[in-house]
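Worksheet for the structure shown next.
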Amino acid sequence: MSRTDLWVRRGHTIAFALLILFSIVEGAITTWITVQYGKNHNYDSISIRDRVRLLVVASWWTVFFGFIYLLLFLHSARTGSDLTSVLSHLIFLGLTWILWTAGAASLTSSLGGGINCSKVDRNVVYCNQLNAAEGFAWVDWYAQFSLPPRKLSNQFTDHFFAL
């Protein structure tokens, strides 16, 4: 097994585990906010409520499919599979990127870039939770594309330029 193969196997597992972990945290926060909004009908605006719901979908989508991809990759890492192919990953990660970009950017826009809960001039219900949801949405968005691609692309370019 080459060093690149070993790195890809470890990097993929670590990257997907972190992505799943961050998505579970985001899913828990946004699901809680959504349940509170549904029970109490005390959301600040319909746009904030709907954008939190979009992040609920993005979170649990990422957890569900990320877990499936992680298990499939661990199962077929040596033999390869159409289910774990690069194209399959690109389709999944592309759709996931669209969901996270739309969710994180739209909630950030609705909140005006974040709320300083101690100095806000109006009563913002679940202010700290909304800030946490916004923050973890951007963490998920960043984690999706920052962990393995840089190192992997460096190894590939080093390999091809060394030839």
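Numbers here are sequence positions counted from 1.
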Side-chain donor-acceptor pairs under 3.5 Å in residues 19-32, sequence neighbours left out?
| from | atom 1 | to | atom 2 | distance (Å) |
| --- | --- | --- | --- | --- |
| Ser23 | OG | Leu19 | O | 2.8 |
| Ser23 | OG | Asp140 | OD1 | 3.1 |
| Glu26 | OE1 | Ala137 | N | 3.2 |
| Thr30 | OG1 | Glu26 | O | 2.8 |
| Thr30 | OG1 | Gly27 | O | 3.4 |
| Thr31 | OG1 | Gly27 | O | 2.6 |
| Thr31 | OG1 | Trp60 | NE1 | 2.9 |

Exercise. Hey, would you say the Phe73 and Phe16 ring centroids sit under 6.0 Å apart?
Worked result: no
Exercise. Who passes side-chain contact (heavy atoms from CB on, under 4.5 Å) against Ile98, sequence neighbours left out?
Worked result: none
For this session: Can you measure from CG (Asn128) to CD1 (Ile115) and round to the nearest 0.5 angstrom?
Result: 9.5 Å
For this session: Measure from the side-chain N and O atoms of Asn131 to the backbone N and O of Gly114, and report whether any donor-acceptor pair falls under 3.5 Å.
Result: no
Exercise. Applying disulfide bond (SG atoms under 2.5 Å apart), which residue pairs with at least one partner in residues 21-54 are found, sequence neighbours left out?
Worked result: none
Exercise. Going only through I, L, V, M, F, W and Y residues with side-chain contacts under 4.5 Å, is there a path from Tyr37 to Val35?
Worked result: no
Problem set entry | Trp97 atom CH2: more than 12 heavy-atom contacts under 6.0 Å | no
Problem set entry | Residue pairs fulfilling disulfide bond (SG atoms under 2.5 Å apart) with at least one residue in residues 87-129, sequence neighbours excluded | Cys117-Cys127
Exercise. Under the side chain to side chain contact (heavy atoms under 4.5 Å, CB included) criterion, do Tyr126 and Asn40 qualify, and how do the steps go?
Worked result: CA-CA 12 Å; Tyr126 315 121; Asn40 301 323; 3.1 Å; yes
For residues 49-57, please give each side-chain donor-acceptor pair under 3.5 Å, one per line with the distance, not counting sequence neighbours.
| from | atom 1 | to | atom 2 | distance (Å) |
| --- | --- | --- | --- | --- |
| Arg49 | NH1 | Tyr43 | OH | 3.4 |
| Arg51 | NH1 | Ser106 | O | 3.4 |
| Arg51 | NH1 | Ser110 | OG | 2.1 |

Problem set entry | Results of side-chain contact (heavy atoms from CB on, under 4.5 Å) for Leu95 - residues two or more places apart only | Trp61, Ile91
Exercise. What distance separates Ile14 CD1 from Leu70 CG, expressed to the nearest 0.5 Å?
Worked result: 11.0 Å
Exercise. Crowded around Phe67 CZ? As in, over 12 foreign heavy atoms under 6.0 Å?
Worked result: no
For this session: State plainly whether one hydrophobic cluster holds both Leu130 and Val125, where clusters connect Ile, Leu, Val, Met, Phe, Trp and Tyr through side-chain heavy atoms under 4.5 angstrom apart.
Result: yes
For this session: Decide yes or no on side chain to side chain contact (heavy atoms under 4.5 Å, CB included) for Ile68 and Phe92, but give the supporting numbers first.
Result: CA-CA 11 Å; Ile68 289 173; Phe92 161 66; over 6 Å; no
Exercise. Honestly curious: do Phe136 and Phe64 fall in one hydrophobic cluster under the side-chain, below-4.5 Å linking rule?
Worked result: yes
Exercise. For Leu93 and Gln144, which heavy atoms make the closest approach, and how far apart are they?
Worked result: O-NE2, 2.9 Å
